[in-house]
Amino acid sequence: MTDIIRLLPDHVANQIAAGEVVQRPSSVVKELLENSIDAHSKNITLIVKDAGKTLIQVIDDGLGMTVTDARMAFERHATSKITSAQDLFNLNTKGFRGEALASIAAVSHVELKTKNQLSETGTTIVIEGSEVKRQDPCVTAQGTSIAVKNLFFNIPARRNFLKSNTVEQRHIIDEFQRVALAHPQIGFKLIHNNTELFRLMPSKSRQRIVNVMGKKIDNNLVPILEETELLKVEGFVAKPSFAKRTRGEQFFFVNDRFIKNSYLHHAVSQAFEGLLKPKTHPSYFIFLTIDPHTIDINIHPTKTEIKFEDEYSIYSILKSCVKHSLGQFNITPILDFDRDKSMDTRYDSFKSNAKLPKVEVDRNFNPFKTDSFPIDKSTNTKSNPIVWDKLYSHLDEDIKQQNEVLIENEIESSLLFNQLESSHNSFQYLNKYIITSNSEGLLIINQNRAHERILYEQFLKQITQEAASSQQLMFPLVLQLTTEEVSLLQALNDSLELTGFMFDFSKSDHGTILINGIPGILLESQIQEVIIELIEDFKAEIPASGFDRNNRLSIIMSKNMAIPNGKALKEEEQKDLIKALFSCKEPLLSPQNRPIFVEIDDNIIDKLFHT
Ligand code: ADP
Ligand code: MG
């Protein structure tokens with residue numbers, strides 16, 4: 001038999017590599033801009049036609065190249081930026097793989113003009129699909145101009161796969177903005193179809209942000225700054241009132257390189273917790289400077305994802321630094337009790353309010369008492385996800401264990417509730433709101449959020465007081481998970497156990513998890529869904545430890561277990577929900593900081609009839 005293994009010709013290898021590096025016109029933009037920055041350019045112009053499908057040209061006034069370098073630049077693995085693998089750890093440049101120009105030239109028509117300071121004349125090279133068509137001397141200014149035409153001309157499938165011009169143009173602008181934000185000291189221009197879209201003069205970081213994002217952001221920027229041994233954090237966050245409905249204006253730069261990192265994003269979002277309107281996202285421009293030895297940028301070919309050695313510390317530094325700035329600039333509203341301080345405190349001791357003297361209350365009042373819950377024995381528990389007796393019965397136990405602080409809470413809760421007692425009526429509207437009244441006016445309560453709050457406080461109490469009840473299962477439930485999911489569950493195990501879960505990981509090598517016990521308030525039929533939801537929610541973002549993690553866990557569990565909107569509730573169930581809600585420490589806001597009820601003052605109602 002004859003030998004059948006052959007080396008791929010270079011132009012084929014380049015085309016394959018191009019698939020990784022060059023996904024769309026904006027990838028070319030990114031690579032070319034980064035090369036110009038590495039060449040110490042002071043001014044960079046980007047010219048684009050038809051969203052980059054016809055032309056992408058970058059002109060810089062950087063170092064330029066010699067005749068030989070100009071030719072070499074298009075060879076695969078040709079780079080002036082590293083000479084050994086060790087250099088990867090001392091990287092101060094954007095490029096290092098020496099792949100970009102070779103890849104781009106494999107899938108387009110490229111025309112390069114370049115001249116370095118020492119040369120009299122410049123050189124021009126024309127390459128089409130990896131094939132050098134010509135190289136000649138030419139007259140050109142110092143620096144480099146690279147024009148990339150007809151991208152993917154030789155890969156029709158790729159070309160057809162490109163999105164509309166509007167979409168591709170958006171991607172190009174995104175890349176341009178990221179690079180421009182990271183390098184305010186460099187002047188940038190972007191010209192699209194002969195229209196100048198951006199002209200950015202060299203400036204300070206803040207001015208650059210305003211020039212890129214628009215004037216409106218100017219008065220909304222709050223500076224952040226923190227320097228530790230591990231890293232330096234600087235930049236700006238936008239005030240919560242400036243938060244956007246779309247996630248767009250969120251920029252992390254590490255050593256002047258734009259990166260995406262959902263874990264760090266989470267840290268910033270956490271710092272904004274309670275300050276944002278629902279469904280809005282904070283804007284931020286955060287620059288981290290960190291020893292390159294402690295990061296790994298080589299894990300992604302287009303280098304927008306990086307790995308940090310000490311992610312946990314960066315997370316907490318970032319979070320506290322953003323929080324600090326928001327607080328310092330008086331942006332935090334009074335409602336935001338500082339959760340960090342409570343890190344290792346028992347949940348109920350937060351509320352160690354001064355004693356309420358001489359208040360006449362019924363100390364035996366217990367909003368959770370089972371006998372106040374109607375139990376419809378005829379209801380089939382399997383088909384009815386809300387089994388109220390089950391939902392609350394074990395709380396009797398909890399309440400028996402209450403300490404001094406809790407008794408005080410109860411006094412206050414009863415007070416709140418007494419205001420409600422004046423009204424005995426409640427009814428459900430749209431299967432979603434419970435309408436009732438107190439001495440002040442009408443209350444419209446969102447049932448789902450109310451129940452989330454009740455469950456949240458209950459879980460948090462259980463986890464921090466270590467007092468949950470667990471239902472033992474006669475036959476263990478079997479879950480089949482991926483390795484990643486198993487390790488995630490193991491990481492959460494300590495906290496989950498305190499809510500009543502009992503996992504058996506002995507067969508986890510094969511991804512099999514046995515569940516021997518579940519929280520008292522859960523039904524067996526809900527378990528699978530809850531665990532899966534939990535894992536989904538925690539993927540990529542387990543807060544380090546302590547209160548944060550328990551808090552997240554409680555939020556997620558309450559979200560997944562709360563009665564949904566659209567569920568009909570009997571009158572008794574409504575009342576019980578109201579009672580339980582007003583026994584909460586924070587009945588105003590859901591765990592995700594959304595209002596639970598609105599109050600319509602009697603005066604306002606009266607006024608409506610004064611016509
Ligand atoms: P890398 O950036 O990873 O080194 P590239 O393929 O992007 O690989 O570029 C190859 C080489 O070409 C660079 O290392 C650099 O020496 C040279 N080069 C590319 N663009 C420019 C430019 N605008 N100005 C000067 N030199 C450049
Ligand atoms: Mg490069």
Side-chain angles (χ1 to χ4, degrees), residues 10-11 13-23 26-47 56-85 87-108 110-119 122-125 127 130 132 135 138 140-148 151 175-176 178-179 182-183 186-189 255-258 292 297-304 306:
D10 266 1
H11 71 278
N14 282 341
Q15 249 187 39
I16 294 170
E20 270 205 343
V21 182
V22 188
Q23 274 132 19
S26 64
S27 334
V28 175
V29 167
K30 174 174 187 281
E31 296 295 338
L32 296 185
L33 290 178
E34 289 188 345
N35 279 348
S36 294
I37 290 164
D38 282 345
H40 304 290
S41 308
K42 296 198 171 59
N43 290 288
I44 300 173
T45 301
L46 169 64
I47 301 170
I56 301 162
Q57 183 173 16
V58 171
I59 304 167
D60 69 44
D61 58 358
L63 298 174
M65 288 176 255
T66 64
V67 177
T68 320
D69 280 355
R71 181 72 180 70
M72 275 292 286
F74 292 95
E75 296 293 330
R76 210 139 62 93
H77 307 305
T79 176
S80 56
K81 298 168 192 174
I82 61 168
T83 51
S84 72
D87 290 350
L88 275 176
F89 298 100
N90 298 315
L91 216 56
N92 289 316
T93 59
K94 313 277 164 204
F96 59 86
R97 297 169 154 252
E99 265 180 347
L101 289 186
S103 301
I104 292 168
V107 295
S108 65
V110 175
E111 190 175 335
L112 165 87
K113 282 197 170 98
T114 187
K115 185 178 97 68
N116 74 357
Q117 207 184 4
L118 300 174
S119 313
T123 184
T124 176
I125 297 184
I127 301 179
S130 293
V132 181
Q135 177 165 13
C138 74
T140 184
Q142 185 191 324
T144 303
S145 155
I146 299 186
V148 175
L151 187 64
E175 288 298 350
F176 176 84
R178 291 166 183 173
V179 172
H183 300 277
I186 298 176
F188 287 95
K189 255 194 278 181
N255 299 348
D256 294 335
R257 186 193 298 272
F258 172 82
I297 38 179
N298 204 4
I299 57 168
H300 195 276
T302 56
K303 295 166 279 171
T304 50
I306 70 173

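Just follow the structure's listing: the first ligand is 1, and inside any ligand the first atom is 1. Note that the numbering runs from 1 along the sequence shown for the chain. What's counted below: heavy atoms across the whole structure, side chains too, no hydrogens, waters or symmetry copies.
- The side-chain contact (heavy atoms from CB on, under 4.5 Å) search around Thr124 returns Glu111, Lys113, Arg134, Asp136, Cys138, not counting sequence neighbours.
- Interface of Ala73 with ligand 1, defined as ligand atoms under 4.0 Å from a residue heavy atom, comprises 10 (C), 12 (O).
- In this structure a side-chain-to-backbone donor-acceptor pair under 3.5 Å is missing from Glu34 to Arg257.
- Ser41 places a side-chain N or O within donor-acceptor distance of the main-chain N or O of Ser36, the cut-off being under 3.5 Å.
- Contacts with ligand 1 closer than 4.0 Å are made by side-chain heavy atoms of Asp60 only, the backbone lying farther away.
- Distances from ligand 1 to the non-hydrogen atoms of Glu31 include no value under 4.0 Å.
- The backbone and the side chain of Leu101 each have at least one atom closer than 4.0 Å to an atom of ligand 1 (non-hydrogen atoms only).
- Of the candidates Thr140, Thr123, Asp69, Asp60, Thr123 is the only one forming a side-chain contact (heavy atoms from CB on, under 4.5 Å) with Thr114.
- The distance from the CG atom of Leu46 to the CZ atom of Phe188 is 10.0 Å, given to the nearest 0.5 Å.
- If you take CZ on Arg71 and OG1 on Thr66, they are separated by 12.5 Å, rounding to the nearest 0.5 Å.
- Atom numbering of ligand 1 starts at 1 in the shown order; those under 4.0 Å from a heavy atom of Ala100 are 6 (O), 7 (O).
- By heavy-atom distance, the residue among Asp38, Asn116, Val58, Thr144 lying nearest atom 22 (C) of ligand 1 is Thr144.
- Distances from ligand 1 to the non-hydrogen atoms of Gly98 include at least one value under 4.0 Å.
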